[in-house]
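Read through the structure below, which is laid out as structure tokens, and then see the notes.
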Protein chains: 2
Amino acid sequence: MNGQLIEADRVWTGRTFEMHQAVRVGADGTVLEIGSDLRPADGERRVRLPGRALLPGFVNAHSHAFQRGLRGRGERFPRGAGSFWTWREAMYELVASLDPDRFRDLCIQAFREMLAAGMTTVGEFHYFHHLSDEHDFAADSLVLEAAREAGIRIVLLYAYYRTGGIGSPLQGGQTRFSTPSLDLYRKRLDALSEQLDPKTQSLGIVAHSIRAVDLDELEALHREACDRGWVFHMHLEEQRQEIAACREAYGKTPMEVVLDRVDPAATPTTAVHCTHTEGPSMERYLDRGGRVCICPLTEANLADGIADLPTMADGIRQNRISLGSDSNARISMLEEMRWLEYVQRLALERRGVVTNDDGLLGPNLLNIATRAGARSLGLPVGSIEPGQLADLLTLDLGHPSLALVEDEHLLDALILGAADGAIDKVCVGGTWKGLFSQAR
Amino acid sequence: MNGQLIEADRVWTGRTFEMHQAVRVGADGTVLEIGSDLRPADGERRVRLPGRALLPGFVNAHSHAFQRGLRGRGERFPRGAGSFWTWREAMYELVASLDPDRFRDLCIQAFREMLAAGMTTVGEFHYFHHLSDEHDFAADSLVLEAAREAGIRIVLLYAYYRTGGIGSPLQGGQTRFSTPSLDLYRKRLDALSEQLDPKTQSLGIVAHSIRAVDLDELEALHREACDRGWVFHMHLEEQRQEIAACREAYGKTPMEVVLDRVDPAATPTTAVHCTHTEGPSMERYLDRGGRVCICPLTEANLADGIADLPTMADGIRQNRISLGSDSNARISMLEEMRWLEYVQRLALERRGVVTNDDGLLGPNLLNIATRAGARSLGLPVGSIEPGQLADLLTLDLGHPSLALVEDEHLLDALILGAADGAIDKVCVGGTWKGLFSQAR
């Protein structure tokens, strides 16, 4: 691949859209420089994007791609109200029904929809390891293969999952998730390391949840992440029942247990959800360097509850609160961003909750959807600046949902008012994706 | 226009998608019959829709089209948190800045986006009457003209607006909304009646809000609606401050005042929002035949609060709870539908709130977005059946957001999981709209 010079009508440089900028990208897919007076060098490809704005690609910090197979399912409630736990049964049914082809197709479909929605990176929280028996680990390679096929950057957040509840064995569909020992888990990490496409694929360490690991394992897994220099992710406090079971077993909340056993500053450490985390615990976790990933569409679909975003204000300020598409019941980073704010507005009856220190909403939500996700995943993406990978999206300024919008309001109009169709093309590490006629 | 025979892979017939049905539409734009064995008659146009599902067009029961001009505006909060009332200041600024061309362009743009999002009818709650002075009523005809230009069916819900608050005069930008007397208001209704395109345009009566009319006017306006056989709409209890001011002036809530003065069964009567309506008042209002329009995206944007949907269960069952795009900050009926349910899930921590008696979500939300809106607006649209107007939308079954979805889950997948791009074409009274290359 040659280097390229990308010329767009507007380029988001972190604080504002600058007019008529060009972005030079090296042959290795890294941004080299940005300026208004750059001219193409010899042999450099010129990519002209008239009528387009260039933004950093969105970073989806938490996904279970195979759950794309649940779209429209688990939404009938003939015997009264549903809960997270009845939804989980539907998910286990899906798990039991998937063969390798269907699993791969669902992952490819999910990743393509992510790209079409402007997400250039996915943190794939992968706990569904086995497709035929509980020992095959056949799904692991398929996820990487699907990501390569779709062309998305992936951090395979590789989940350790040993118990079906605190101290209880795996049951039914859960056996598809089994990692029977830390020893075998480490071997899998080593084997997968050799299968990665180094340009677009990396690994992270995951303790699935407080239900799926014991406390020594939790500690060992986090240490493993530190030793390898990888990121660490874990589901945390999404549902009240999880917290009650943890209190009963350990006399503490899952967050308190994590704070006892783990140093969140030692490697990027992300707790996914924190819907019901108590204020003081959250403050302590953030003070100690912890990160949180919120998944607005999924948390709404699963009726999890409303996270306390004002308590996370410091985390937001430090790019430590990110967004994930999680169950992929719907894949739209624009919708995730606006409802992160909107759910707070409804709960607090106050506008402008997830704003930055200057009182701005759009730039703050964009940071959450880009830089914060990048840091949670340990990747040099999420902004357009020299040294970062050229993971980009383009916005069609002629899209009807952006028509009649003044330049200075473009970002807020995009996030609060645009359809996904306003997102035009994406670029992953300098490679442009042309799959949009199918995937819009 | 000749009659036509529309053949689609699937047709939504009210309870399910039926396979390979044809819909016969008369030259007058009315559905004549539906069946699997219909053949084109002589001179009848044949409209084949392979790979498409046919649904009733969505009915947007509450819109202020000109507020499309606020998209992305009023979203900066430099002096701390914002409120509905600071947003209203931004809206008044827009109002003061609009000339006839800009006003018309904004309305056309909003109506086109509605069509692209599958909305074939708009209930345009029109209170912005004057463009140059407080007597010109120049905006009224422009709204009708814009609707005709875009090709959307419109009920011009013509608002009476005399006071700026209870007992206080209009101030600043509010003078653009002025209807100084009932007498002049009635003359305007008569004049507008003669400007309507009878195929796609009709009128309704509106008391803007308890802030804008006195109680005798409220009563007179509702009686006017009954006498003319028109529908009646009114903003109600969106904001706590409105309720407090009404209690202070009249010793009662706005809903109690309405129940004192108005018989909601005498003509279709819709209270828009009811975010803070108390349970017993809501039950009394629904028992007496009242209707409610909820505007999830706008109520979220404006931080109104969370309406008590479970109290409205009987109203939902009777197609008396509808949806509106209101401020048009974002125009998507799919997003309005899913967040009507999702906001309840988050608040109640329970899945499946807005379900029908069979525990189904999708058909119930679709009814809310079609039949209930149609009844609120007094129109024979909202379902595909003989005698109804052929207001339709088509769904692209090959759209990526619907890929790998089983037939039986198609409706839930559409509402909860699809991008607006899955909506392909719309038909208003038998006339197909071809504006989708621009308006997606």
Side-chain angles (χ1 to χ4, degrees), chain A residues 68-69 71-73 75-83 87 105-106 109 112-113 116 299-306 329-332 335 338-339 342-343 345-352 355 358-362 400-401 403-405 409-413 416-417 419-421 438-440, chain B residues 68-69 71-73 75-83 87 105-106 109 112-113 116 299-306 329-332 335 338-339 342-343 345-352 355 358-362 400-401 403-405 409-413 416-417 419-421 438-440:
Chain A
R68 172 64 177 72
R71 184 165 296 175
R73 287 168 71 167
E75 297 292 348
R76 293 174 190 189
F77 309 92
R79 290 166 312 243
S83 72
W87 170 86
D105 287 351
L106 288 170
Q109 185 62 35
R112 283 193 175 145
E113 281 184 57
E299 290 157 12
N301 183 288
L302 297 183
D304 290 337
I306 299 175
R330 161 122 172 92
I331 296 177
S332 167
E335 196 165 324
R338 64 181 153 254
W339 284 94
Y342 280 176
V343 167
R345 291 189 186 186
L346 287 167
L348 304 173
E349 298 184 20
R350 176 159 71 81
R351 305 181 78 234
T355 50
D358 299 324
L360 302 183
L361 181 67
S401 60
L404 307 179
V405 169
H409 300 297
L410 179 60
L411 189 68
D412 289 314
L416 301 181
D420 293 313
Q438 327 148 34
R440 188 71 48 80
Chain B
R68 173 64 177 72
R71 184 164 297 176
R73 287 168 70 168
E75 297 292 347
R76 292 172 192 189
F77 308 94
R79 292 165 310 244
S83 72
W87 170 86
D105 287 350
L106 288 170
Q109 185 62 35
R112 283 193 176 144
E113 281 184 56
E299 289 158 12
N301 183 288
L302 297 183
D304 290 338
I306 300 175
R330 160 122 172 92
I331 297 177
S332 166
E335 196 165 324
R338 63 182 153 255
W339 285 94
Y342 281 176
V343 168
R345 290 190 186 186
L346 287 167
L348 303 171
E349 297 184 21
R350 176 158 72 80
R351 305 180 78 231
T355 51
D358 299 324
L360 302 183
L361 181 67
S401 61
L404 306 179
V405 169
H409 300 298
L410 179 60
L411 189 68
D412 289 314
L416 301 181
D420 293 313
Q438 326 148 33
R440 188 71 48 78

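So that the names make sense, note that chain A is the first sequence line, chain B the second, and so on, each numbered from 1. When reading the values below, keep in mind they use all heavy atoms of this one structure, side chains included, and skip hydrogens, waters and symmetry mates. Keep in mind it's a predicted model, so treat the numbers as computed, not measured.
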Among Ser332(A), Ala347(A), Gly305(A), which residue forms the greatest number of heavy-atom pairs with chain B at distances under 4.5 Å? Gly305(A)

Identify which part of [X] has an atom lying under 4.5 Å from any heavy atom of chain B, answering side chain, backbone, both or neither.
X	answer
Leu411(A)	neither
Leu410(A)	neither
Thr355(A)	side chain

Side-chain ([X]) to main-chain ([Y]) donor-acceptor, under 3.5 angstrom:
X	Y	value
Arg71(A)	Ser401(B)	yes
Gln109(A)	Leu404(B)	no
Glu75(B)	Gly362(A)	no

With a 4.5 Å limit on heavy-atom distance, are the side chains of Val343(A) and Trp339(B) in contact? yes

Heavy-atom side-chain contact between Val405(B) and Arg68(A) under 4.5 Å: yes

Any ion pair linking Arg345(A) and Glu299(B) (charged N to carboxylate O, less than 4.0 Å)? no

Is it true that Glu335(B) and Arg330(A) make a salt bridge, defined as a side-chain N closer than 4.0 Å to a carboxylate O? no

Under a 3.5 Å cutoff, is there a donor and acceptor pairing between the side chains of Arg351(B) and Asn301(A)? yes

Closest non-hydrogen contact found for Ala419(B) with Asp420(A) is CB-OD2, 4.2 Å

With a 4.5 angstrom heavy-atom cut-off, could you sort out which part of Leu348(B) is near chain A: side chain, backbone, both or neither? neither

Pairwise distance CG(Leu346(A)) to CG(Asp304(B)) - rounded to 0.5 angstrom: 8.0 Å

One should read off an interatomic distance between Arg73(A) CZ and Leu416(B) CG, to the nearest 0.5 angstrom, of 14.5 Å

